[in-house]
Amino acid sequence: MTDTTVPTPATAVRTSRPAALWQGFARFRRTRPFWGAVILALGAYFIARPLLGGTFAFYTTVGIRSITPLLLAGGMAAAAGIAVVLPAQRHFPALVAMMLAVASLPLANLGGWLVGMVLGITGAGLVFSWTPFSEKQLDRFAAKDAARAERRAARRAAR
């Protein structure tokens with residue numbers, strides 16, 4: 001196992017590669033509307049689920065009605081992706097995803113049996129209301145992570 005150095009505000013702490021990857025993911029997660037986007041994407045999955053994996057013959061038999069839930073779910077999934085990739089532009093995709101989730105009630109099997117619609121509305125609301133942490137808060141998180149890593153290293157050294 002290789003060690004990498006993770007810079008912190010106070011000192012440099014040596015952590016293992018998985019710990020450094022987890023800390024990087026935690027910082028990524030804290031700087032974006034991550035959980036709202038995950039819930040929004042899950043709602044999109046529930047809306048599209050009845051039609052996923054269908055064959056061309058199935059889609060032509062059902063007709064244009066089979067495309068509507070896929071378009072609604074695709075728009076919601078795209079909004080979730082945009083919110084994660086471009087957190088500064090989260091408001092417009094969240095509003096569009098909210099409208100698509102509400103439109104899924106009459107257009108897509110009662111909004112994915114209501115589960116997809118409720119998850120879509122909840123996820124879009126979380127994405128819309130998310131506010132970024134300040135640098136001071138992120139530095140405090142980094143200091144807590146560094147202190148936790150030091151405690152773990154001290155426990156390992158004591159063994």
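For the pair S66 and L51, the tightest heavy-atom approach, listed with the atom from each and the gap, is O-CD1, 3.0 Å. Residues Y59 and G54 approach most closely at CE1-O, 3.5 Å, considering heavy atoms. Nearest heavy-atom pair, V127 versus A94, reported as atom, atom and distance to 0.1 Å: CG1-CB, 3.9 Å. Across every non-hydrogen atom of A44 and A77, the tightest pair is CB-N, 3.9 Å. Between P93 and A79, the closest heavy-atom pair is O-CB, 3.4 Å. For the residue pair P132 and R90, the shortest heavy atom distance occurs at CD-NH2, 4.1 Å.
With ring centers used as reference points, F128 lies 6.0 Å or more from F92.
The CZ atom of F56 sits 9.5 Å away from atom OG1 of T61, with the distance rounded to the nearest 0.5 Å. To the nearest 0.5 Å, atom CZ of residue R140 and atom CD of residue E135 are 12.5 Å apart. The structure places CG of L72 at 12.0 Å from CE of M99, a figure rounded to the nearest 0.5 Å.
The cluster map of Ile, Leu, Val, Met, Phe, Trp and Tyr, joined by side-chain heavy atoms under 4.5 Å apart, puts V102 and L100 in different clusters. By the rule that hydrophobic residues join a cluster once side-chain heavy atoms approach within less than 4.5 Å of another member, L107 and I47 end up as members of one cluster. Hydrophobic clustering places L110 together with I121 (ILVMFWY residues linked when any side-chain heavy atoms are closer than 4.5 Å, directly or through intermediates). L52 and F58 end up in the same hydrophobic cluster when Ile, Leu, Val, Met, Phe, Trp and Tyr side chains are linked at under 4.5 Å. Note: the hydrophobic cluster containing I39 does not contain L114 (ILVMFWY, side chain heavy atoms under 4.5 Å, direct or indirect links).
Salt-bridge check for R30 with D145: passed, with a basic side-chain N closer than 4.0 Å to an acidic carboxylate O.
At a threshold of 4.5 Å between non-hydrogen side-chain atoms, the residues V38 and F34 count as touching. At a threshold of 4.5 Å between non-hydrogen side-chain atoms, the residues F28 and V84 count as touching. The side-chain heavy atoms of F133 and F141, taken from C-beta on, include a pair separated by under 4.5 Å. In this structure the side chain of P50 never reaches within 4.5 angstrom of the side chain of P69, judged on heavy atoms.
R29 pairs by the salt bridge (Lys or Arg N to Asp or Glu O under 4.0 Å) definition with nothing, not counting sequence neighbours.
Under the 3.5 Å distance criterion, the side-chain polar atoms of R32 are left unmatched by any main-chain donor or acceptor of A37. When atom types are taken as modelled, the side chain of Q89 and the backbone of L86 share no donor-acceptor pair closer than 3.5 angstrom. Remark: the backbone N or O of L119 is not paired with any side-chain donor or acceptor of T122 at under 3.5 angstrom. Distance alone, capped at 3.5 Å, is enough to place a donor-acceptor pair between the S129 side chain and the G125 backbone.
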Derivation and outcome, side-chain contact (heavy atoms from CB on, under 4.5 Å), residues R27 and Q23: CA-CA 6 Å; R27 184 166 181 90; Q23 287 173 356; over 6 Å; no

